2 protein chains.
Amino acid sequence: MSDASSSAGTVGKALEVLDLVGAQGRPVRFAELQGLSRFPKATLYRFVQTLTNEGMLSFDPERQTYGLGIRLVRMAHNAWEQSSLAPIARRHIEALSAQVGETVHLAQLDHAQVLYVDKVNAREPLQMYSQAGKVGPAYCTGVGKVMLAYLDEDLLARVIEQQSFHPFTPHTLNTEAKLRDELKAIQNRGYGFDREEHEPGIICVAHPILTPGGRLLGALSVTSSTGRTSLTALEEFVPIIKETANAISVEAAQWRFPDTHQPKGS
Amino acid sequence: MSDASSSAGTVGKALEVLDLVGAQGRPVRFAELQGLSRFPKATLYRFVQTLTNEGMLSFDPERQTYGLGIRLVRMAHNAWEQSSLAPIARRHIEALSAQVGETVHLAQLDHAQVLYVDKVNAREPLQMYSQAGKVGPAYCTGVGKVMLAYLDEDLLARVIEQQSFHPFTPHTLNTEAKLRDELKAIQNRGYGFDREEHEPGIICVAHPILTPGGRLLGALSVTSSTGRTSLTALEEFVPIIKETANAISVEAAQWRFPDTHQPKGS
DNA sequence: TGGGAAGTTCCATTATGTGAAACTCAGTTT
DNA sequence: AAACTGAGTTTCACATAATGGAACTTCCCA
């Protein structure tokens, strides 16, 4: 009961361990984990055992290392398929990318971060950091700022608290005040920009995706580089982007389950 | 203590709920879940709460439905990145696909099923069921049979027990005896075929990926359709496929972690 | 062949999970 | 408008399952 922030129950702790393994980016030995986690050896050991038995972690007996398990991949495939946004948006963002000839990102807000859930590359892909499944900062990406702009104040305050405001580039908005001003501008304008705030040379126009009721679903962006085009040129695409966002939103709203209850059979 | 098969601890039960949600393929209401799960209402409720708080499930307040959460997508990205096979194999299978001009699959064995972990489409993609993250039957796919052929007898017996032997097509090997004969043939030959055993018109050549020590890592296949080519023609590719499998295997073996322990800082 | 570190098991203690039942609160139905 | 319904939520006495210090077993390296 000391910090309510993360994980009270057993399940939460187990997931914490899972994240810890995932965060390393490579399979880890037990001892490494022990050093990183707040749990005593025996406790951690049991978690790792359980998770391995459950298929959420995989154990490599040759190397004596634990990695994220294959069951996760399967689950995530389901997650992606059933998330109301990504599968529906697919063909729309493909069409958009084809029309504008640039890379398109689809993102959602995950806690205080941007999660890229899908990406369609331009014919000549940019060399950049994003990728489906990757997370990025919210305060200095086009999609991130646009989504923040459509959060209600309570949540926004909490999310802003968690931003690092690390100055990735000279253009990064590195204070809450600057960010808040930007969010107001986005609210007025209805869309936002990334002015090389996260990666030098990378710019984008981003647009929110809202339910008809105004709830935030996610955001999409058209991304390019200063070498290829300019913000002014990208802004030309806003009408098409807006249309795409709308189309996704409408389709997502129609996405009802067949009926209140389903037949029980397979 | 009735069936030790699935989930003893709390974590296991929570994951069971998670799978249940995932299995529906669409967001579900609480009542639906209740009907499907073995847990009493209050217990199930708490699980769903916990999982939602943890970000493993997402709750849509408009529709009052639960879906798999966004945290899973993030985890899966990590899983894919740190699995010893998929990221390493990427460029190899891309090269292979470019060379042979056909679709290439990379698969691993997940319990008794084939999990497709990556896929590179030919220039003209086939209309077929596979996709990264999807699972398929082991006894009637090229990659599946090849992997079975390199399992040791103990495990093989257990895995075979779990095959349905459903006759997807007239060519499906629908008995254990037929399958066992086929596995022997594969062991002698070093690679295997799919002779329209899973989907009519879909054929492939599959090759195992083994560690230098002989442990099974996965399998890859070159897939095409009877309309486009023949098994005999596909068999021509075996040397290149074998080479690719080898290259992947070698690279996977070198894939050591930097050192026994890592610095603690972020 | 001994010292040390990694990995594993034990078990008394206690925190956590459990689930029947009671409650709330819509949206019906009478 | 009062009673009913059923989904969703909360409560609380009880029991199971998690906890972690300490002891034990490898396995490696000197």
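Note that the structure is predicted; figures quoted are calculated from it, not measured.
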Quick one: [X] [atom1] to [N] [atom2], roughly how many Å, whole number?
X      : N       : atom1 : atom2 : answer
Y66(B) : dA7(D)  : OH    : P     : 14 Å
E32(B) : dG6(D)  : CD    : P     : 17 Å
Q34(A) : dT8(C)  : CD    : C1'   : 12 Å
F59(A) : dT8(C)  : CZ    : P     : 6 Å
F30(B) : dG6(D)  : CZ    : P     : 16 Å
Q49(B) : dT16(C) : CD    : P     : 18 Å
Q64(A) : dC28(D) : CD    : C1'   : 11 Å
R29(B) : dG27(C) : CZ    : P     : 12 Å

Distances under 3.5 Å only, N/O to N/O: pair up the protein atoms with those of nucleotides 17-23 of chain C.
from	atom 1	to	atom 2	distance (Å)
dG17(C)	OP1	T10(A)	N	2.8
dG17(C)	OP1	T10(A)	OG1	3.0
dT18(C)	OP1	K13(B)	NZ	2.8
dG19(C)	OP2	T43(B)	OG1	3.0
dG19(C)	N7	R46(B)	NH2	3.1

Smallest separation among heavy atoms of M147(B) and L109(B), with atom names
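Scanning both residues, the minimum pair turns out to be SD-N, 3.7 Å.
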Please tell me if the side chains of [X] and [Y] come closer than 4.5 Å, counting only heavy atoms from C-beta onward.
X       : Y       : value
T10(A)  : F47(A)  : yes
V48(A)  : F59(A)  : no
V146(B) : H207(B) : no

Taking only side-chain nitrogens and oxygens of Y45(B), does any of them come within less than 4.0 Å of OP1 or OP2 of dG8(D)?
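For dG8(D), neither OP1 nor OP2 has a side-chain N or O of Y45(B) closer than 4.0 Å.
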Parallel, tilted or perpendicular: which fits the ring planes of F30(B) and Y45(B), with parallel below 30° and perpendicular above 60°?
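It falls in the perpendicular class, over 60°.
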Between R91(B) and E251(B), is a salt bridge (Lys or Arg N to Asp or Glu O under 4.0 Å) present by the stated rule, with each step listed?
CA-CA 11 Å; R91(B) 54 190 198 84; E251(B) 199 169 327; 3.1 Å; yes
